[in-house]
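Down below is the structure, laid out as structure tokens.
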Amino acid sequence: MPREQLTRLTGKLNGPNCDDDDCPNLYRHEGRGSIVVQGDLYEGFAVPDGEGLVEIPEHILREAIHALGW
């Protein structure tokens, strides 16, 4: 999925990616109506091939919800 189709919802909206401890980040894919997560992989248990787990602090989710106006 091309990055141009993603709207960043968290962190420094106009800044570089994942510096100054502003990760993980959440993005909205407008065309698909989905949320894309960028962050460290969580390895607490195995998931099926092609899937992954990302651990997201609650305050990051709250920031994204605020950005979406929900």
Side-chain angles (χ1 to χ4, degrees):
M1 130 185 10
R3 186 180 176 113
E4 300 83 43
Q5 296 177 358
L6 301 177
T7 301
R8 190 169 176 175
L9 301 174
T10 59
K12 296 177 182 172
L13 298 179
N14 295 317
N17 291 331
C18 286
D19 64 345
D20 299 325
D21 296 323
D22 62 349
C23 269
N25 282 306
L26 299 178
Y27 300 83
R28 183 176 195 181
H29 188 290
E30 297 295 334
R32 294 183 182 176
S34 61
I35 302 295
V36 177
V37 179
Q38 171 192 3
D40 294 330
L41 291 178
Y42 177 78
E43 298 179 4
F45 60 91
V47 295
D49 288 343
E51 295 183 10
L53 299 170
V54 177
E55 189 170 10
I56 306 170
E58 183 177 325
H59 75 276
I60 298 292
L61 291 175
R62 290 180 185 277
E63 184 179 346
I65 288 168
H66 178 74
L68 289 167
W70 293 354

(request) Could you walk me through whether I60 and L26 pass the side chain to side chain contact (heavy atoms under 4.5 Å, CB included) test, one step at a time? (result) CA-CA 8 Å; I60 298 292; L26 299 178; 4.2 Å; yes
Which atom pairs, donor and acceptor, lie under 3.5 Å between side-chain atoms of residues 48-58 and protein residues at least two apart or in another chain?
residue	atom	partner	partner atom	Å
E58	OE2	R62	NE	2.8
E58	OE2	R62	NH2	2.4

Quick one: side chains of residues 40-47, donor-acceptor pairs under 3.5 Å with protein atoms, not counting sequence neighbours, listed by atom name and distance.
none

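Panel note: side chain R8, backbone T10; a donor-acceptor pair is recorded below 3.5 Å.
In this structure, CG on L6 lies 10.0 Å from CD1 on I35, to the nearest 0.5 angstrom.
A pairwise comparison of heavy atoms in R32 and H29 identifies N-ND1, 2.9 Å as the closest pair.
In this structure, the side chains of L9 and E63 stay at 4.5 Å or more apart for every pair of heavy atoms.
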